[in-house]
Q: 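Have a look at this one before I ask anything.
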Amino acid sequence: MVITKKERRMVAFVWFTSIFVLLEVLAFFLMFVMKDTMAAAKLPFPHTIFIVFVNNWRSLLEAGVITFSRAAIGFGIGAGVGIFLAVIMSLSKTAEKIAFPYLIMSQMIPVLGLAPIIFNIVRDMNLSRIIIAAYITFFPVSVNMLSGLKSVEQDKKDLLYSIATSKFEVYRKLMFPFSMSYLFTGLKIAAPMAVTASILVDMLGSRGGIGVRILYSLYSNTTDIFWASVMTSALMGIFSFYVIVIAENLLLPWRRGASKKDGEKV
Amino acid sequence: MNNKLKNILWPLAFGIGFILIWELGYLHEVLDLRPFQLPIPSQIMTTLYNNLPKVLKDGGVTVIGALIGLTIGSFFGFMIAFLATWFPKWGYGGMIVVTALNAVPIVALSPIMNLWFTTGMAQKIGVVTVVCMAAMAINAYSGLNNLKAFSLDLMETVAADKWVVFRKLRLPNALPNVFTALKINIAASIIAAIISEYFAASTSGLGFGIKDHLRKAEMAMGWSYIVVASLVGVVLYAIIILVERDAIKWHASQR
Amino acid sequence: GDGKKLDKVVLQLKWLPQSQFMGYYVAMEKGYYEDEGIQIEILPGGSDIIPEQQVYNGVADVGVTWVSSLMKYQSEGWELLHVGQIFQKSAMLLVSKASSGIESPSDLVGKKVGSWFGGNEYEIFALLEANGINRNTDLELVQQDFTMNQILNGTIDAASAMTYNEYGLLLAAGLDASEINVLDMNDEGVAMLQDCLFVNSDWIKNNEDLFVRFLRASIKGWADAVADPEAAGQIVYNVDQSVSLEHQVYMAKEVAKLVVPEGFDPAQIGYIDMDAVVQTAEHSYTYGLLTSPAVISEETITSKYWEEAVK
Amino acid sequence: MNGSEIQIKNVNMIYKGKRGEDIVALNDVNLDIREGEFISLLGPSGCGKTTLLRIIADLLRPTTGSVTINGQSPKDIRLQRKYGIVFQNPVLYDWRTVRRNICLPMEIMKIPRKERTARIDKTLDLVGLKDFGYEYPFELSGGMQQRIGIARALALDPEILLMDEPFSALDEFTREKLNEDLLKIWRKTKKTIIFVTHNIPESVFLSDRVVVLSPHPGRVSAVVDIDLPRPRESSLREMPEFYEYVAKIRKSFEGV
Amino acid sequence: MNGSEIQIKNVNMIYKGKRGEDIVALNDVNLDIREGEFISLLGPSGCGKTTLLRIIADLLRPTTGSVTINGQSPKDIRLQRKYGIVFQNPVLYDWRTVRRNICLPMEIMKIPRKERTARIDKTLDLVGLKDFGYEYPFELSGGMQQRIGIARALALDPEILLMDEPFSALDEFTREKLNEDLLKIWRKTKKTIIFVTHNIPESVFLSDRVVVLSPHPGRVSAVVDIDLPRPRESSLREMPEFYEYVAKIRKSFEGV
Ligand SMILES: Nc1ncnc2c1ncn2[C@@H]1O[C@H](COP(=O)(O)OP(=O)(O)OP(=O)(O)O)[C@@H](O)[C@H]1O
Ligand SMILES: Nc1ncnc2c1ncn2[C@@H]1O[C@H](COP(=O)(O)OP(=O)(O)OP(=O)(O)O)[C@@H](O)[C@H]1O
Ligand SMILES: Cc1ncc(C[n+]2csc(CCO)c2C)c(N)n1
Ligand SMILES: [Mg+2]
Ligand SMILES: [Mg+2]
């Protein structure tokens, strides 16, 4: 089944409106049927969030730009490190056996414990924030990339092996192109996560950003800004996801064809 | 057998080497840290030993929440991938929703869940559930849809219904991806459970312990909790690896 | 600045930019730091920011924190020096809805009581202990998140609140003062000192003069702020609009009462009341924050810079 | 009109290439296949044999033209599960052992377990893989994998059997043995078999008719009736008529 | 001793099955291959032909026994990039067009761009895919894919060419044409060629010697010298000596 652009737009529209309506109904239910005193905090009416969003679009946009640009940098570095680690681990089973448990462990160190150490090493808040954002982002990229690298079929490797191809060339000509679709799966997970990571590091005393808006609005009980900020972060996540999807379509033309062929069913 | 031993010995040797470097102060020297900023392993272990019952109890609370959330979240994530595959036109919207959720930070999610659920455990499960959905949904979707050439044709020829295609082709084909997602989610679920506990209306759990002690300069105690979290992560990872090895022994990655 | 190169001072706040820290913002806005040859940078706090660590790391030069927390860090070996006391009173309250009937500490028995923990719980511990309530068995202490939703929601019966912030938020949420019962730590005799200024002991050795200039400018700022909280609130609001101007001004007014309590000489802003420090140290030790009595010496706390600054 | 007469009418197939160009695979193909007929498709590589087979099996829609099977569309027939296909490359599921790969279509058709096991045993034996039932496909040689694909289709016992170069990776002896086995099965079950091959003697040995396709674009260039007696046995391969047919087809091929 | 004499000594190959069982693929195989020899491997499916080829190419280590090539190990030879392989299934990279698939090994060998283009043009023409250079592999038929694999190995012009059933998916005419082309190339370049096939006439037509393997476990059951004159042309196929050899090999095969 080939889905046209027009259909896709229609589908998106229907999804958007039905979620909107559903949330309106739920919010109504909460407020007027359940008579929940905290209804506005638990689940505000989406239209009110939307109005707050529109009224504050400038400041939210400003904050969004700060957060998103940091997310992009953190994502870039995180993805790079993730790919690098995956390559190291795929080069040797021993390296994988050594590294993977420790990578898991590293993910168990919360930012609260990690941040002071990073600050102490870099002594620059902004750089530290980027490092931490990257640290949060790299893991899914690494895991997915590694699983791609490990899924390369033996006979494809044999072809290069038989002409004594250097490791570097094997990666360049085979392992990387083959793993691209796996990598993109990882990137699709990591991109929105980079937004959350960036929001988290906003809270490390940043001056602006969606994270600051969320933190301040929580602390000052300004529920509407809180929800508008949450909505902004969700939108940024979708945006980042689509950036990856578009990049995938541009960079992996052979896949578009291959999957279409599978989908092109009678 | 020899190989299996090596698989354990190497990482262990590496860990011991690292711990030694850390213990003997070289790490602190390189990073210009003082022991009261980052305690040395022996301090952590002593503290851990002295507080073992409490730390284990807290660890239990967090791990149970993380595992339940991991299960529910992975299940929902898979269901979304399933729907997106089943209804390629309409279901894909679910993937976008999951992506949007994936961009809501835990620090925002936790207070929301605090409102929806009153107990710390329910809040934790709620947070972990949301956090675990995306990795599973996106990975499972790619596994359910990136089929080998012609494998679908075989199903078509015997007019297999969608459900059979799903069970006998898409599902096994997606298994390697599901394991990939589980590996990500193991790490994600524990850290999400920990961070959710920063805000939970409860005073138990690794997250509460970490935050409480690290803020109060009780670094050894805070790091004891981190050590427990790490060990739990590694043990869960090991379990996944073992199950994976058995479940997808046919896959290129296992050869 | 008359073309002279300014010395940079980085100030780490304990929390978000808000009127709790209005003195510094006023001083910055009015150019008092520049007058002292200082280029000031104010770092906001955040959920994962610990001022003691920031100052020790050198990310910031001067920090704002609570005295008990500072003592804890000092006792763990962090070479930090307490060099000025901005809040003379505790702002900590235990608030509850009047309907829950908590009028005295003894009414807390059997209730769910919220605290932020992480070092903010010791005044409550002291309050309970002083009233013969066992904090482990007689009631349930739970963690509060950033919001006051839990008390509004009824999930907890009593919540920690700062006079200048959370209490105001309850009012803003539509509760009338008469609907809120308050236990004030100062009245209950279990107060511990809060916002103080501290520095890295190493840093101050080479920057004594700089710090004195910083303190002088800050005190000037605080004096102006206390004198005109409305204006101070406005100045803070200009820096950060995430809270309403109204709430910022409310906070400024309440903070003013902590910086210059009734009967306190406004010229003495920043004065370190050693009796209060000792009480804070004693409570911190007695109720378990500190594992050994706090060392109160020139190594840990000193008024000499303040004396120099107010000369 | 009888059971499964296949009528291919003016079938054109144009693929859209990656760069948007048209690739004409089949051009105006017309062919009638009788019920129970054994028909072979011959033709140079890339002439559209697989494409035609896929169109008959309803795995592909022709760009224009139609295929009807006993008045019904390929889709109807497919939904009635009358097709069995041996694909050009074996299309095995990595996660299933040999036996379970063979079992798969039967599972879907809800053939009782006992019957399934019996058929697996029989076909495994037929293709000479009795001892390899519990291996995974990747542990087998190319020819062995191909034989699993054959066993899978035969185990299914379909009304219409479409075989795309099923014996290409087999040695002559295995191939000849399987040729004979296939004929036996065909004789017993009266299936319609459409058989793609590059081996002209094989096509003569097996078929009622041999259809030769010419390439670029694929069209029917010759249809040769093979009037050799049935049942055919390996001795047929030594007969002069046999060689005449082989030569004849080779000749019609050369014109291509 | 000359350039690339291949000595296979007491080679045993035992695979470890997934369930821990032993699969004996080769049992005590001994074979000497002269430099510049064209040798064919024949044998029933699953007898170990591919395995032997992979051992020679250093893609697999024999369980016991050794292979030496002019005194060196297969690894040495592989590192000197003297091998070219046509795999049994074409092993194409999905993400590369036909041309870029053929180009790949040459890229790695750092052959200059111009030379590469020339060779691609030449081999594409040779295998009859001139017009398909810019398609992706999945847009091509099975036989066309196989020919890309052949073109890729030929473009490389290796000293030792290992070909695993390279023409199995091709029609007789394309196959015969490629047979002759291959012989021409061989005559010109003096490569050593080890050629796996199931087609006995093909093996006779091409080879200096035909090695017949018997299965389970794979061992050498016959070695037949083909004393037919060179250069060989298609007319050879009509000669009685040719048929004698075919018959002889078929016979030695039957004993298997
Ligand atoms: N990776 C493997 N693991 C286990 N067994 C294997 C593996 N590869 C091959 N074998 C076994 O080794 C034997 C020889 O296989 P090989 O591929 O060499 O056969 P072949 O002669 O090339 O057959 P064909 O003509 O069918 O390609 C077979 O029995 C096969 O099952
Ligand atoms: N998916 C596809 N997309 C574009 N072109 C295709 C596709 N499949 C086949 N073709 C083209 O259609 C033509 C016929 O292909 P087909 O596979 O039917 O050939 P064939 O006769 O089976 O050849 P072979 O004997 O090599 O298997 C070829 O030119 C091929 O390039
Ligand atoms: C994580 C965390 N959450 C809430 C508070 C409560 N709080 C916010 S500001 C403030 C006054 C500090 O000067 C207090 C007590 C905290 N400290 N840390
Ligand atoms: Mg074909
Ligand atoms: Mg083989």
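Reminder, nothing fancy here: chain letters follow the sequence lines and each chain counts from 1.
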Q: Under the side-chain contact (heavy atoms from CB on, under 4.5 Å) rule, what do His198(D) and Arg175(E) come out as? Steps first, then yes or no, please.
A: CA-CA 10 Å; His198(D) 288 307; Arg175(E) 175 179 265 211; over 6 Å; no

Q: Once rounded to the nearest 0.5 Å, what's the spacing between atom CD of Gln88(E) and atom CD of Gln145(D)?
A: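 Gln88(E) atom CD to Gln145(D) atom CD measures 8.5 Å (nearest 0.5 Å).
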
Q: Which answer fits Leu140(E), side chain, backbone, both or neither, if we ask what part of it has an atom under 4.5 Å from a heavy atom of chain D?
A: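 Contact with chain D is absent: no heavy atom of Leu140(E) under 4.5 Å.
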
Q: Using a heavy-atom cutoff of under 4.5 Å, enumerate the residues of residues 167-174 of chain E that contact chain D, numbered in order, or state 'none'.
A: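 Residues in range: Ser168(E), Ala169(E), Leu170(E), Asp171(E), Glu172(E), Phe173(E).
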
Q: Is chain E contacted by the side chain of Leu129(D), its backbone, both, or neither, given a heavy-atom distance below 4.5 Å?
A: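 Neither part.
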
Q: Is it true that, when you exclude Lys122(E) itself, more than 12 heavy atoms of the residues, nucleotides or ligands shown sit nearer than 6.0 Å to its NZ?
A: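 No - once you tally the heavy atoms of other residues, nucleotides and ligands closer than 6.0 Å, there are 12 at most.
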
Q: Quick one: NE2 on His216(D) to CG on Asp131(E), what's the gap to the nearest 0.5 Å?
A: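 Reported to 0.5 Å precision, the distance equals 7.5 Å.
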
Q: Could you look at Phe132(D) and say if it's the side chain, the backbone, both or neither that has a heavy atom under 4.5 Å from chain E?
A: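 The side chain, not the backbone.
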
Q: Do you know which of Met144(D), Glu135(D), Glu165(D) has the most heavy-atom pairs under 4.5 Å to chain E?
A: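 The answer is Glu135(D).
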
Q: Quick check on Tyr136(D) against chain E: is it the side chain, the backbone, both or neither that has a heavy atom closer than 4.5 Å?
A: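 Just its side chain gets close to chain E.
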
Q: Please round to the nearest 0.5 Å and tell me the distance separating atom CD of Gln146(E) and atom OG of Ser45(D).
A: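 One gets 8.0 Å once the value is rounded to the nearest 0.5 Å.
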
Q: Please classify the contact of Arg147(E) with chain D as side chain, backbone, both or neither, using a heavy-atom distance under 4.5 Å.
A: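 Side chain only.
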
